[in-house]
Amino acid sequence: MEKSMFTFVLLCVVWLHVEAMTVNIPQKTYEVARDRNTTVPCSFTTTVASPKSAVITWSRTSVDANVDVVILTYYYPDDSYDLTANFDPKRFSPDVDFLKGKADLLLKFLKLEDSMTYECRVQVRGDVSGKSAATTDLVVLVAPSVPVCKLEGKSEYGQNINLTCSSAEASPAPQYKWQSHDVQNNPRPLDPKSTLKGGTLSLFNVSKDTSGYYICTSANKVGTASCNMTVSVMPPSMNIGSTAGIIGGVAAFLVLLAIIICCCCCHKKKKAEEEYAMGNAEEYKDNDPEGNDEKRRPDGEESTRGNSDSRVSAERQDKYEDRNERNDDRHYDDRRSDYDDRHYDDRRSDYDDRRSDYDNRRRDYDDRRSDYDDRRSDYDDRRRDYDDRRSDVDDQRSNYSDRRDKYSDRNERYDDDRRHDDDRRYDDRRGQR
Ligand SMILES: *[C@@H]1O[C@H](CO)[C@@H](O)[C@H](O)[C@H]1NC(C)=O
Ligand SMILES: *[C@@H]1O[C@H](CO)[C@@H](O)[C@H](O)[C@H]1NC(C)=O
Ligand SMILES: *[C@@H]1O[C@H](CO)[C@@H](O)[C@H](O)[C@H]1NC(C)=O
Ligand SMILES: *[C@@H]1O[C@H](CO)[C@@H](O)[C@H](O)[C@H]1NC(C)=O
């Protein structure tokens, strides 16, 4: 009986010895505002009366990366520690009193990124059994930043749209809530068909009644913030984008039309100008050689005959006189009157016709006016030219009159000579008889 009792106690001692090591963190989570200092508490017990050595390790695991990173390692009895690279010694340090079972971690100037799961592990030499580690969540509290409200999709009748809301910063994660006000800014319940997932409010088959103000509130235990957006649902055709498109299209069409009209006008104008120029050139070409021929031919004839007539005999002179007379009478008078009648009248009527033509054209094309003036002066020049030639002809005519007088004198002289000769011959004959 005593023996079995002793054995039980011994077993209990052995069992206690096996379960000797304990590590404990009082709370599952610690919430600390950003930029504050905090202590993450950790306590331990060991049955080893006077341990020769021990190691305390603090590490942390981010929720998303799920990688355990050692922050620092504390050594007993050295009372010294190694801080893992990349950890700021001003921010991370151990607060250990080994003999009292205290292995706290000091954290200063808390950042949002320090929100992680922290683990405290105690290893005592000679005490390999029991629970040697404990974990806790540290939550660095940050009030939500002012959320950003956005509209996804087309706010046209019959469409489905999403209203999104998101705070860049918030810890713990914020709860998003949407409220709606109508266009008169009176609160109203959300469409029961709408759904809310995270910060996204989905609205289905939107209509004019969907228009109004939508306010999103982002809230956590530290604070709240909100954004306010105006939603105006329009008929598809009244959409600003399509309206702008229509306006742009109309503008583009008008510009194109203007260009086409301009091109057509220019082309037509050019063509008309070309035709006009060609027509005049032909007219003038027809007139010019004719006038020159008619004027030059008599000039040439007269001048060649005038040169040769000084050495001709009386018969030829008579013939020549006849011809001169013919030339003078027929050629010059006929031709001049002919010329006058035809050319002046023709040209004048031609000119008048052309002038009315010009007037018409001038009414149509003002910029042709200078052209017309040029041609008109051209015509004046030619007319002056003609007048000059005409006076030339007059001069020549008076020249021929002079020559005729000369010929008459010579004839008289010739007659005198003949008479004289005849007389002399008669006298001679009489003397012979
Ligand atoms: C945090 O600790 C540092 C020095 O250790 C001190 O200067 C600072 O004022 C403390 N901050 C707060 C919010 O107590
Ligand atoms: C709205 O959000 C849902 C998911 O929440 C998505 O399936 C849908 O395509 C979104 N609609 C628009 C118009 O962005
Ligand atoms: C959308 O709403 C209009 C009335 O606003 C209704 O006539 C139509 O049937 C609805 N369409 C769908 C697909 O729910
Ligand atoms: C939302 O904004 C509109 C003007 O942009 C304002 O009239 C309205 O009062 C605001 N609503 C809230 C709840 O802030």
Side-chain angles (χ1 to χ4, degrees), residues 30-41 58 71-72 74 81 83 87-97 102-115 118 138-167 169 171 174-196 199-219 221-240:
Y30 291 88
E31 291 177 339
V32 187
R34 182 160 58 179
D35 296 326
R36 294 292 178 86
N37 302 337
T38 192
T39 299
V40 184
W58 275 98
I71 302 165
L72 58 82
Y74 173 89
Y81 67 97
L83 187 71
F87 283 93
D88 185 354
K90 287 177 196 157
R91 297 216 303 123
F92 298 88
S93 59
D95 183 11
V96 176
D97 187 344
K102 180 185 168 187
D104 297 351
L105 174 70
L106 280 179
L107 275 165
K108 292 175 183 174
F109 311 110
L110 277 175
K111 295 182 177 179
L112 188 57
E113 306 92 270
D114 294 330
S115 295
Y118 288 76
L138 177 68
V139 178
V140 178
L141 299 177
V142 177
S145 60
V146 174
V148 176
C149 289
K150 272 189 203 159
L151 188 145
E152 289 176 352
K154 288 183 190 170
S155 50
E156 292 175 359
Y157 291 179
Q159 297 280 327
N160 300 335
I161 59 170
N162 287 345
L163 306 183
T164 64
C165 176
S166 175
S167 289
E169 268 189 355
S171 180
Q175 295 294 309
Y176 293 103
K177 219 168 70 184
W178 280 95
Q179 294 165 285
S180 183
H181 291 69
D182 61 20
V183 285
Q184 281 82 38
N185 210 14
N186 300 316
R188 63 179 175 186
L190 286 172
D191 187 333
K193 285 182 288 178
S194 65
T195 61
L196 180 63
T200 300
L201 178 71
S202 297
L203 301 172
F204 302 100
N205 192 17
V206 296
S207 66
K208 196 186 169 202
D209 298 332
T210 315
S211 299
Y213 302 111
Y214 287 81
I215 298 106
C216 167
T217 306
S218 164
K221 61 178 76 184
V222 196
T224 63
S226 63
C227 54
N228 172 1
M229 74 185 301
T230 307
V231 174
S232 46
V233 183
M234 299 196 173
S237 59
M238 288 296 286
N239 184 282
I240 292 164

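Whatever order the structure lists them in is the order used to number ligands and atoms, beginning at 1. When a residue number appears, it is its place in the shown sequence, counting from 1.
The two residues S93 and Y81 make their nearest non-hydrogen contact at CB-OH, 4.0 Å. Nearest heavy atoms, S115 versus V140: OG-N, 2.8 Å.
Scanning the protein heavy atoms around atom 4 (C) of ligand 4, the nearest turns out to be Y213 CE2, 4.1 Å. For atom 5 (O) of ligand 3, the closest heavy atom belonging to the protein is S207 CB, 4.3 Å. Here the heavy atom of the protein found nearest to atom 1 (C) of ligand 4 is N228 ND2, 1.3 Å. The nearest protein atom to atom 7 (O) of ligand 1, hydrogens excluded, is given as F109 CZ, 4.7 Å; this is a heavy-atom distance. Atom 9 (O) of ligand 4 has its closest protein heavy atom at N185 ND2, 3.0 Å.
Counting only heavy atoms, the protein gets under 4.0 Å from atom 11 (N) of ligand 3.
Distance CD1/I71 to CG/L83: 8.5 Å, rounded to 0.5 Å.
With ligand atoms numbered from 1 in the order given, ligand 1 contributes 1 (C), 2 (O), 3 (C), 8 (C), 10 (C), 11 (N), 12 (C), 14 (O) to contacts under 4.0 Å with heavy atoms of N37. Heavy-atom contacts of I215 reach the following atoms of ligand 4: 13 (C) (cutoff under 4.0 Å).
Other residues, nucleotides and ligands contribute more than 12 heavy atoms inside 6.0 Å of the CZ atom of R188. Open room surrounds CD on Q175; 12 or fewer heavy atoms of other groups in view lie less than 6.0 Å from it.
Considering backbone and side-chain N/O of N205, one or more are found under 3.5 Å from N/O of ligand 3.
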